[in-house]
Amino acid sequence: MDTHSALFEQGRKRLEALRQLPPRQETSLQERMLKLGITRRDFMKWSASVTALLALPLPFTNLVAEAAELADRVPLIWLHLAECTGCSESLVRTDTPNLDTLIFDHISLEYHETLMAAAGWQAEENLEHALEAYKGNYLLAVEGAVPTANNGTFLTVGCKGHTGMQIIKEAAEGAAAIVSVGTCASFGGVQAAAPNPTGAKGVYEVVDKAVVNLGGCPPSEKNIVGTLMYFVMFGRLPALDMFNRPKWAYGARVHDNCERRGRFDAGEFVEKFGDEGAKEGYCLYKVGCKGPYTYNNCPTERFNHHVSWPVLAGHGCMGCSEPNFWDDMADFEKPLGRQLLHGLDATADTIGGVILAATVVGIGAHAVASVFAGSKED
């Protein structure tokens with residue numbers, strides 16, 4: 001049996017088991033879609049797009065659709081630690097309801113400090129009840145870094161004054177899977193920037209379980225929903241890269257799929273913001289774009305209903321989905337110059353120098369291949 005057939009069978013069995021569980025939402029997903037004017041055709045198109053996003057063959061579309069309808073059978077506990085809530089904002093703050101936000105509404109969200117009405121002692125009771133009632137079965141999503149200095153006392157949460165470190169360790173113990181949403185939870189983010197007095201760390205450095213890291217400040221809503229859907233559908237974590245990020249979302253460099261890549265290959269660069277090159281959509285490398293060093297699907301998935309992303313809007317990639325980006329990628333509006341990052345030398349004094357240096361480190365591999373192809377034809 002090939003890999004996809006085995007995975008499909010695993011998904012089918014997983015969904016069959018979920019179907020035996022009682023629904024936790026009073027209103028079905030179909031009823032919710034009907035109220036919002038979302039048709040079945042729209043739903044299947046969304047399912048097909050999520051299937052493609054997860055790098056699965058088209059026959060998995062029906063599994064994705066069924067998983068979305070059964071999402072309320074999977075309890076989700078969402079914790080906030082040292083963060084700005086921007087990752088939740090990325091998912092829920094849309095101008096009109098769409099299927100991504102609808103799926104998030106439909107899933108059995110047992111605890112989310114920002115979205116729930118409960119506060120104080122009632123909120124504490126809700127969390128304690130969810131951790132106990134769904135022990136071993138819930139998906140744990142964490143937003144924000146974990147301060148560890150002084151035994152975690154730089155972050156205390158709730159009326160009981162528990163530290164973030166204490167809360168995450170307790171919650172992780174009973175979780176079926178753990179997802180770090182955003183760069184802060186994944187790698188510490190700005191809280192972990194030098195000199196890092198609070199000892200902020202990514203969740204994976206604090207707990208003893210496997211953690212999926214969704215790097216990005218914030219990550220796109222597609223990467224959040226896609227990861228949730230993968231767990232609902234298969235009951236396990238997706239294939240991960242060396243930094244525990246899903247390969248389907250972080251498997252390619254921003255640079256490789258950027259709409260300005262052709263400008264880079266042609267040696268056409270913005271020299272300063274507002275110049276003629278900027279108006280013509282030239283490459284932003286010389287004004288600090290870190291796309292060649294960053295792995296994410298921002299160019300293809302974008303933000304705000306697939307409308308735009310920073311490079312399309314005119315500012316270079318900041319490398320926010322990479323570990324230690326706040327320190328390693330600065331200055332954000334200047335090229336890295338002769339700083340070495342993951343073995344890449346990004347020297348950029350002249351256009352020819354940019355292309356030559358980029359060629360050596362693989363950034364301009366496509367351009368070099370074209371040159372050699374042309375020489376062979378000659």
Side-chain angles (χ1 to χ4, degrees), residues 90 183 215-220 222-223 249-378:
S90 174
T183 295
C217 190
S220 75
K222 284 290 187 183
N223 291 351
Y250 300 88
R253 288 176 301 183
V254 167
H255 181 73
D256 295 333
N257 293 312
C258 179
E259 60 267 357
R260 299 180 189 239
R261 174 60 190 264
R263 299 292 194 176
F264 176 92
D265 291 343
E268 297 172 338
F269 296 91
V270 175
E271 300 292 337
K272 62 180 181 179
F273 290 108
D275 67 11
E276 288 302 313
K279 296 175 184 177
E280 293 294 328
Y282 284 9
C283 176
L284 296 163
Y285 181 79
K286 282 193 173 184
V287 288
C289 184
K290 306 307 188 293
Y293 319 103
T294 305
Y295 289 78
N296 210 331
N297 56 6
C298 299
T300 53
E301 293 306 318
R302 302 182 180 178
F303 292 83
N304 299 329
H305 294 206
H306 200 72
V307 171
S308 188
W309 68 295
V311 172
L312 181 59
H315 194 284
C317 168
M318 295 171 64
C320 70
S321 58
E322 298 303 307
N324 305 315
F325 91 96
W326 196 262
D327 295 318
D328 291 346
M329 299 295 186
D331 182 327
F332 296 122
E333 296 185 351
K334 294 180 181 178
L336 288 174
R338 294 189 178 277
Q339 297 179 48
L340 294 180
L341 181 65
H342 303 312
L344 303 180
D345 185 352
T347 303
D349 296 326
T350 66
I351 290 177
V354 171
I355 295 179
L356 178 60
T359 296
V360 173
V361 299
I363 299 173
H366 174 72
V368 174
S370 300
V371 171
F372 278 106
S375 64
K376 288 180 180 179
E377 291 176 359
D378 295 337

I'd like to know whether Tyr250 forms a side chain to side chain contact (heavy atoms under 4.5 Å, CB included) with Asn223, so could you lay out the CA-CA distance, the side-chain angles of the two residues, the decisive distance to 0.1 Å, and finally the verdict. CA-CA 9 Å; Tyr250 300 88; Asn223 291 351; 3.7 Å; yes
Roughly how far apart are [X] [atom1] and [Y] [atom2], rounded to 0.5 Å?
X      : Y      : atom1 : atom2 : value
Cys217 : Trp326 : SG    : CH2   : 7.5 Å
Asn257 : Asn296 : CG    : CG    : 10.5 Å
Met318 : Asp331 : CE    : CG    : 10.0 Å

Could you list the residues that satisfy salt bridge (Lys or Arg N to Asp or Glu O under 4.0 Å) with Lys279, not counting sequence neighbours? Glu276
All salt bridge (Lys or Arg N to Asp or Glu O under 4.0 Å) counterparts of Arg263, not counting sequence neighbours: Glu268
Return the set of residues passing ring-ring contact (aromatic ring centres under 6.0 Å, His included) with Trp309 (not counting sequence neighbours), or none when no residue passes. none
Test of understanding: with ring-ring contact (aromatic ring centres under 6.0 Å, His included), list the residues that count as partners of His315, not counting sequence neighbours. Phe273
Suppose we screen for side chain to side chain contact (heavy atoms under 4.5 Å, CB included). Which residues come up paired with Thr294, at least two apart in sequence or across chains? Val254, Lys290, Cys317, Ser321, Glu322, Met329
With Ala278, which residues qualify under side chain to side chain contact (heavy atoms under 4.5 Å, CB included), at least two apart? Val270, Asp275
Check whether any side-chain heavy atom of Val311 lies under 4.5 Å from a side-chain heavy atom of Cys289, and answer yes or no. yes
pair Leu336-Tyr293: side-chain heavy atoms closer than 4.5 Å: yes
Does Arg302 have any side-chain hydrogen bond (donor to acceptor under 3.5 Å, both in side chains) partners at least two apart in sequence or in another chain, and if so, which? none
Evaluate the ring planes of Phe264 and His255, with Trp represented by its six-membered ring, and classify them as parallel (under 30°), tilted (30 to 60°) or perpendicular (over 60°). perpendicular
